[in-house]
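These numbers come from the heavy atoms of this one structure, side chains and all, not from hydrogens, waters or symmetry mates.
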Amino acid sequence: MYYGFDVGGSKIALGVYNPQRQQVWSKRVATPKDDYAALLDVLVTLTHEADAFCGEHGSVGVGVPGLPVPDDGTLFTANLPAARGQRFQADLSQRLGREVRIDNDANCFALSEAWDDEFQAYPVVLGLILGTGVGGGLIVDGKPVTGRNYVVGEFGHMRLPVDALDVLGWDVELPVCGCGKRGCIESWLAGPGFSRLWQRYNQSALNAPEIITRYYQGDAQAIAHTERYKDLLAVCLGNLLTMVDPHLVVLGGGLSNFDALFEGLEARVSRHLLPVARPPRFARARHGDAGGMRGAAFLHVKE
């Protein structure tokens, strides 16, 4: 059996999956934010509850809002203070007496989607989250690609390609990103960036849901804004897809619920690819809030 923990800043969700990757049990509890020992205790207790339910010791995977640091085995995280700088993976493995695998929550999202029954047909799957930030993961043959520093998938911190300035205007001011650098695509493609783009061209402040509501009401400004955002998204995807060349791109996060973003996306992206390249399939994420648990559980699939 596969156990998947989605550890967030406010809640811990555990999902148990059978060999057919079907969820058979789940539980949610509050996250001990500032007490590392209490955090480990909760995870151990939940694992033992799952063991009792299953009648066996399942494999344990954990998705975290942060990055494992390969050089010293510690965890870098802003939203989980209790585990910051701790040897979380080693400590939990020791407490449970079994191997624990961990990865960041965006990689777990991508892995969950790649193991969807239909999506398994695609050897290279790119998961892209368009939410409060921009992130994701790269899955090759059912396994996440993590890289030297576990930053594969931090797509939001790639810099704007030069063609993006044709959309934004060459006089655009580049805001400071949360990472401390300027020119990150997250500043324009995430939910707050969707609003920033509106304000640049319409001199008023609206959030993404308000803009989307206006779009469906037929508002000309909202329609023009959506076209502009789709052009910018296509430019940024063009660079990313030329580098990665996936068979499937799965879009998640709040903006992925905006159906208009998918309309004509392949054609727009094609204009920014090599002449011989065909665009991948684009699909909306299918597993929603359960994606973190699913992906963490499937860190042990396909040994």
Side-chain angles (χ1 to χ4, degrees), residues 2-16 26-50 59-96 98-112 127 129 131-137 144 146-157 177-180 186 190-192 252-254 287-300:
Y2 303 111
Y3 304 169
F5 284 99
D6 181 10
V7 179
S10 59
K11 56 85 180 170
I12 295 172
L14 168 61
V16 174
S26 66
K27 188 170 182 177
R28 293 189 177 209
V29 299
T31 302
K33 295 182 180 180
D34 302 305
D35 188 330
Y36 183 56
L39 175 64
L40 292 177
D41 286 344
V42 167
L43 295 171
V44 169
T45 297
L46 287 172
T47 301
H48 290 163
E49 286 186 41
S59 62
V60 177
V62 184
V64 293
L67 302 171
V69 181
D71 290 346
D72 61 10
T74 61
L75 185 65
F76 171 78
T77 175
N79 297 324
L80 193 61
R84 186 183 304 133
Q86 300 286 350
R87 298 181 69 253
F88 177 71
Q89 182 177 11
D91 292 343
L92 186 57
S93 295
Q94 183 179 36
R95 287 283 304 270
L96 290 174
R98 71 191 85 168
E99 179 193 11
V100 172
R101 297 183 182 179
I102 69 172
D103 209 330
N104 72 59
D105 46 12
N107 276 349
C108 289
F109 151 77
L111 186 60
S112 170
I129 299 171
T132 304
V134 173
T146 55
R148 167 67 174 84
N149 298 293
Y150 268 82
V151 298
V152 174
E154 294 293 331
F155 308 120
H157 302 293
C177 178
C179 72
E186 177 172 289
H287 297 283
D289 291 342
M293 298 187 304
R294 280 173 48 86
F298 300 161
L299 290 171
H300 284 271

Reported CG-to-CZ distance for the pair L75 and F88, which is rounded to 0.5 angstrom: 7.0 Å
Carboxylate-amine/guanidinium proximity below 4.0 Å for R294 and D289: no
Heavy-atom side-chain proximity of T31 to S10 below 4.5 angstrom: no
Spatial distance of atom CG (L67) from atom CG (N149) [nearest 0.5 Å]: 9.0 Å
Exam field: side chain R87 to backbone G73, donor-acceptor pair closer than 3.5 Å: no
Flag, side chain of R101 to backbone of L299, donor-acceptor distance under 3.5 Å: yes
V100 vs I102, side chain to side chain contact (heavy atoms under 4.5 Å, CB included): CA-CA, chis, key distance, verdict: CA-CA 7 Å; V100 172; I102 69 172; 4.0 Å; yes
Considering all heavy atoms, the nearest G253-I129 contact: CA-CG2, 4.0 Å
E186 (side chain) donor-acceptor with H157 (main chain) under 3.5 angstrom: no
Residue pair A296 / G63: nearest heavy atoms and the distance that separates them: CB-N, 3.6 Å
Between CG on residue N104 and OG1 on residue T77, distance to nearest 0.5 Å: 10.0 Å
Inter-residue atom distance L96.CG - Y3.OH, 0.5 Å rounding: 10.0 Å
Closest non-hydrogen atom pair between V134 and A190, with its separation: CG2-N, 3.6 Å
Residue pair V152 / N107: nearest heavy atoms and the distance that separates them: O-OD1, 3.8 Å
Atom NZ of K11: over 12 foreign heavy atoms under 6.0 Å: yes
Residue Q94 excluded, over 12 heavy atoms near CD under 6.0 Å: no
Side chain proximity check, F5 to L46, heavy atoms < 4.5 angstrom: yes
Value rounded to 0.5 Å, distance of CE in M293 from CG in D6: 7.5 Å
Derivation of the side chain to side chain contact (heavy atoms under 4.5 Å, CB included) call for Q86 and L39: CA-CA 12 Å; Q86 300 286 350; L39 175 64; over 6 Å; no
Any donor-acceptor N/O pair, D35 side chain to A37 backbone, under 3.5 Å: yes
Donor-acceptor pair, side chain of S112 and main chain of C108, under 3.5 angstrom: no
Stepwise side chain to side chain contact (heavy atoms under 4.5 Å, CB included) check, V64 with Q89: CA-CA 11 Å; V64 293; Q89 182 177 11; over 6 Å; no
Exercise: identify the closest heavy-atom pair between A82 and P32: CB-O, 3.6 Å
D91 side chain to Y36 side chain, donor-acceptor N/O pair below 3.5 angstrom: yes
Test item: T74 side-chain N/O and G85 main-chain N/O as donor-acceptor pair under 3.5 Å: no
R28 CZ to S26 OG distance, which is reported to the nearest 0.5 Å: 7.5 Å
Heavy-atom closest contact (Y150 atom, P70 atom, distance): CD1-CG, 3.8 Å
Stepwise side chain to side chain contact (heavy atoms under 4.5 Å, CB included) check, V60 with V62: CA-CA 7 Å; V60 177; V62 184; 4.2 Å; yes
